[in-house]
Amino acid sequence: MPEGHTLHRLARSQRRQFVGLPIAVSSPQGRFDAMLVDGRVLDSVTAHGKHLFEAFGDRIVHVHLGLFGKYSSGTGDPPEPLGAVRMRWVAESGWGDLRGPTACEVLSPSEVDAIIARLGPDPLRAGSDGGRAFDRIRRSRAPLAGLLMDQRVVAGVGNVYRSEVLFRHRLDPYLPGRALDATAWDGIWSDVVTLMRAGLRSGRIITTDPTDRSRRTGPVRGEDAHYVYRRTGLPCRIDGTPITMQVLAARKLYWCPTCQAA
DNA sequence: TCTGCATGAAAAA
DNA sequence: TTTTCCTGCAGAG
């Protein structure tokens, strides 16, 4: 489930529950060297794109959920660790379990800086400069759909947001970055900011506007939440054309071939 | 029980 | 461009 909004949500949740407290850190699965931070006080938790940084003094746990990583937490006593729990936190405020991350490692401040330095602007961080992303896009021949997923260009956008944003702006996913004009980019960037903030609030990726969904009251159903993502062969919500899917940069890309024609 | 699949990214080639 | 790693779940048999 992890695109940038998931990590910012996780950071907020961990801040509220654990910052300022000593944490008993362990690795029931044994694949994380928990001794390096066990018993230390958690100073801060921050998210940059899809990366999470949990600072215990000058030892910083770097977490990247990858495709499968998940975090669960609760109050009271922690449950018996079922399955592969890479990192477990227990404090007086409750517990938190991390499973299946691509990265879970202790870094120094300079190593953290190096990771942040290679990321593009994060739409969920205050003061992020979308223009920095456009500087890269306008110099690239690569397809827009690939650039949006590239964390050096924009930090935090993943496979759902990229397809959905391209649809919302009726852009051909294969349009070369250099063919995009600045005005179009400004629209995309502000839309990404809006959508990801909504994702941060709700914990879900909902990109459809109410008028484009079937008229229903109540919560957005799963099948209504997206325009194109995972809708291969289903009719486009705007013009009814079957949605197309093609693998681009090792990930499935979805689009409407008529709404998003070149 | 087995298979395939998933909102990711790095290393190898 | 392909391979590899991370884990859990749904659906098929």
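Below, chain A is the first sequence line, B the second, and so on; all start at residue 1.
Taking atom C1' in both dC9(C) and dA9(B), one finds a spacing of 22 Å when rounded to whole Å. Atom name P, nucleotides dG13(C) and dC5(B): the rounded distance is 14 Å, in whole Å. The separation of dT1(B) from dC6(C), taken at their P atoms, amounts to 23 Å, rounded to a whole angstrom. Between dG8(C) and dA10(B), the distance separating the two P atoms is 23 Å to the nearest Å.
Tyr227(A) does not carry Arg231(A) over the face of its six-membered ring by the limits of under 6.0 Å from the centre and within 45° of the normal.
Taking atom CG of Leu253(A) as the reference point, atom C1' of dT7(B) lies 14 Å away to the nearest angstrom. One can place CZ of Arg230(A) at 6 Å from C1' of dA6(B), the figure rounded to the nearest angstrom. In this structure, the OH atom of Tyr254(A) is 10 Å from the C1' atom of dC5(B), given to the nearest Å. Atom P of nucleotide dA6(B) and atom NZ of Lys70(A) are separated by 13 Å, given to the nearest angstrom. If you measure from atom CD of Gln246(A) to atom P of dT1(C), you get 12 Å, rounded to the nearest angstrom. If you take CE of Met245(A) and P of dA6(B), they are 8 Å apart, rounded to a whole angstrom. Lys252(A) places its NZ atom 7 Å from the C1' atom of dC5(B), with the value rounded to the nearest Å. One atom, CG of Leu166(A), and another, P of dT7(B), lie 15 Å apart when rounded to the nearest Å.
For Thr207(A), the side chain to side chain donor-acceptor pair (under 3.5 Å) test picks out Glu164(A), with sequence neighbours left out. A search for ring pair (Phe, Tyr, Trp, His ring centres under 6.0 Å) contacts involving Trp89(A) returns Phe18(A), Phe56(A), not counting sequence neighbours. Taking His51(A) as the reference, His62(A), His64(A) meet the ring pair (Phe, Tyr, Trp, His ring centres under 6.0 Å) condition, with sequence neighbours excluded. With sequence neighbours left out, the salt bridge (Lys or Arg N to Asp or Glu O under 4.0 Å) criterion links Asp209(A) to Arg168(A).
The shortest distance between the side-chain N/O atoms of Arg31(A) and the OP1/OP2 oxygens of dC6(C) is below 4.0 Å. For dT7(B), one of the phosphate oxygens OP1 or OP2 lies less than 4.0 angstrom from a side-chain nitrogen or oxygen of Tyr229(A). OP1 or OP2 of dC6(C) has not a single side-chain nitrogen or oxygen of Arg86(A) nearer than 4.0 Å.
Sorted by first and then second residue, the salt bridge (charged side-chain N to carboxylate O under 4.0 Å, His left out) pairs involving residues 78-99 of chain A (not counting sequence neighbours) are Arg88(A)-Asp97(A), Asp97(A)-Arg99(A). A salt bridge (charged side-chain N to carboxylate O under 4.0 Å, His left out) check over residues 146-159 of chain A, counting only residues at least two apart or in different chains, returns the pairs Asp150(A)-Arg152(A). Residue pairs satisfying the side chain to side chain donor-acceptor pair (under 3.5 Å) criterion with at least one member in residues 239-262 of chain A, sequence neighbours excluded, are listed as follows: Tyr174(A)-Gln246(A), Asp239(A)-Thr241(A), Asp239(A)-Thr258(A), Thr241(A)-Thr258(A). A salt bridge (charged side-chain N to carboxylate O under 4.0 Å, His left out) check over residues 108-127 of chain A, counting only residues at least two apart or in different chains, returns nothing.
Residues Arg213(A) and Ile206(A) are in side-chain contact: their nearest non-hydrogen atoms beyond the backbone lie under 4.5 Å apart.
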Item to check | Secondary-structure string, 5' to 3', Watson-Crick or G-U under 3.5 Å, | for another-strand partners, for DNA chain B | outcome: ||||||.|||||.
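Note on Arg152(A): nothing from the nucleic acid sits closer than 4.0 angstrom, heavy atoms only. The residue Gln29(A) sits close only to the backbone: its heavy atoms come under 4.0 Å of sugar-phosphate atoms, none of a base.
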Item to check | Per-nucleotide protein contact string for nucleotides 8-13 of chain B, where B marks a base within reach and S marks sugar-phosphate only (heavy atoms under 4.0 Å, - for neither) | outcome: BSS---
Which donor-acceptor pairs under 3.5 Å do the side chains of residues 135-143 of chain A make with protein atoms, sequence neighbours left out?
{"unit_1": "Arg139(A)", "atom_1": "NE", "unit_2": "Asp135(A)", "atom_2": "O", "d": "3.1"}
{"unit_1": "Arg139(A)", "atom_1": "NH2", "unit_2": "Asp135(A)", "atom_2": "O", "d": "3.4"}
{"unit_1": "Ser140(A)", "atom_1": "OG", "unit_2": "Ala142(A)", "atom_2": "N", "d": "3.0"}

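Against DNA chain B, the stretch residues 188-200 of chain A makes no heavy-atom approach under 4.0 Å.
Residue Leu65(A) is not grouped with residue Leu67(A) when hydrophobic side chains (ILVMFWY) are merged at heavy-atom distances under 4.5 angstrom, including chains of intermediate members.
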